[in-house]
Structures are given as C-alpha cells and as structure tokens.
Amino acid sequence: MNNSTEEYTAAIQIITSTIANCEKAQLKFKAGTSQHSLLKNRIKALIIAKSLLTDDDTCKYQDDEIRQALPPILSIISKCEKAQQKYEEGSVQYRRYVPLLHAMKLSLSLIEEQLKHTG
C-alpha cells in the first residue's frame, strides 16, 4: 500500500474526531437500545482502524475483533456516499464527505490487509 504519512496523519485525525463525535452521540441513548449498540460497535471499529493506522506491524486485536470491524466501517462508507450523492459534485456539502470517505476507505483496506495476513 502506497499511502503517504500525510494521508495517514489526516486519516488518524478524522477517525479521532469521529470517535469523539460518536462517543458524544452515544451519551444521548440508553444502554441496550439499538442506537447505543450501533454507536458502541462503530466506536470499537474506529478504534481498531485507528490502531491499524498508528501501529507498525503489530495489532493488539484478535482476528474476530478485526472481522467485526468490517460492517461498521462499510456502513460509514455507505452512509457517507449516499449522503454525498444528494449534493452536486464540487459543492461544499459534497466535499465535506471526501476526507471522511478517504479515511474510511483507507481503514477498510488496512482491515482487509490485516485479515489476509492472519488468515
């Protein structure tokens, strides 16, 4: 994978911000509700993605945890692409999804790569 340090740094910043936003949103929902669970899974997936972006070749997560990170990351990508389609390409609203989509796609590729190496 040929991603620059700047791309990784930007992705880490976006993921860190997204984790904080999800944690803030999670406080609004009662534990056990579907919204709370969705955010809990999303936060865990984002933390794993961030870990893969920051750790060299060592990953402290089990294969099943990494595998479970795939659906939330795919969901974020899908939701962002769907929201982005509502706006004209090049518009401010359209462009605001670009960095998040890039960070999520980079995360997805790292998760998939990690799963390839572990079996």
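Computed from a predicted model, the values in this text were never measured in an experiment. Numbering starts at 1 and runs along the sequence shown.
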Value for CD (Gln35) from NZ (Lys30), rounded to nearest 0.5 Å, stands at 12.0 Å
Rounded to the nearest 0.5 Å, the NZ atom of Lys105 sits from the CD atom of Glu81 at a distance of 4.5 Å
Closest non-hydrogen contact found for Gln84 with Tyr94 is NE2-O, 3.1 Å
### Query
Are the side chains of Ser17 and Gln13 in touch, meaning some heavy atoms are under 4.5 Å apart?
no
Checklist entry - Is there side-chain contact between Gln68 and Tyr61, with at least one heavy-atom pair below 4.5 Å? => result no
Measuring only between side-chain heavy atoms, which start at C-beta, is Leu100 closer than 4.5 Å to Ile77? no
Rounded to the nearest 0.5 angstrom, the CD1-CG distance for Ile73 and Leu46 is 5.0 Å
(Q) side-chain contact (heavy atoms from CB on, under 4.5 Å) for His102 and Glu7? Distances and angles first, verdict last. (A) CA-CA 9 Å; His102 184 73; Glu7 287 177 299; 3.3 Å; yes
Checklist entry - Taking C-beta and beyond as the side chain, do Ile76 and Cys80 meet within less than 4.5 Å on heavy atoms? => result yes
When every non-hydrogen atom of Ile48 is compared with those of Glu65, the smallest separation belongs to CD1-O, 3.5 Å
Requested in this report: Would you check if the side chain of Thr16 reaches a backbone N or O of Ile12 as a donor-acceptor pair within less than 3.5 Å?
Outcome: yes
Separation between OG (Ser37) and CZ (Phe29), nearest 0.5 Å, reads 11.0 Å
Donor-acceptor contact below 3.5 Å, side chain Ser78 vs main chain Leu74:
no
Residues Ile111 and Leu52: closest non-hydrogen pair is CG1-CD1, 3.6 Å
* Asked: Quick one: does Leu39's side chain get under 4.5 Å of Glu23's, heavy atoms only?
  -> no
### Message
With a 4.5 Å cut-off on side-chain heavy-atom distances among I, L, V, M, F, W and Y, is there a chain of contacts connecting Leu38 to Leu70?
### Response
no
(message) Is the shortest side-chain heavy-atom distance between Asp63 and His117 below 4.5 Å?
(response) no
Between the CZ atom in Arg42 and the NZ atom in Lys79, the distance rounded to the nearest 0.5 Å is 6.0 Å
*asked:* Looking at Ala103, is its backbone amide N or carbonyl O close enough to the side chain of Ser107 to form a donor-acceptor pair, meaning the two atoms are under 3.5 Å apart?
replied: yes
CG (Asn41) and NE2 (His36) are apart, to the nearest 0.5 Å, by 10.5 Å
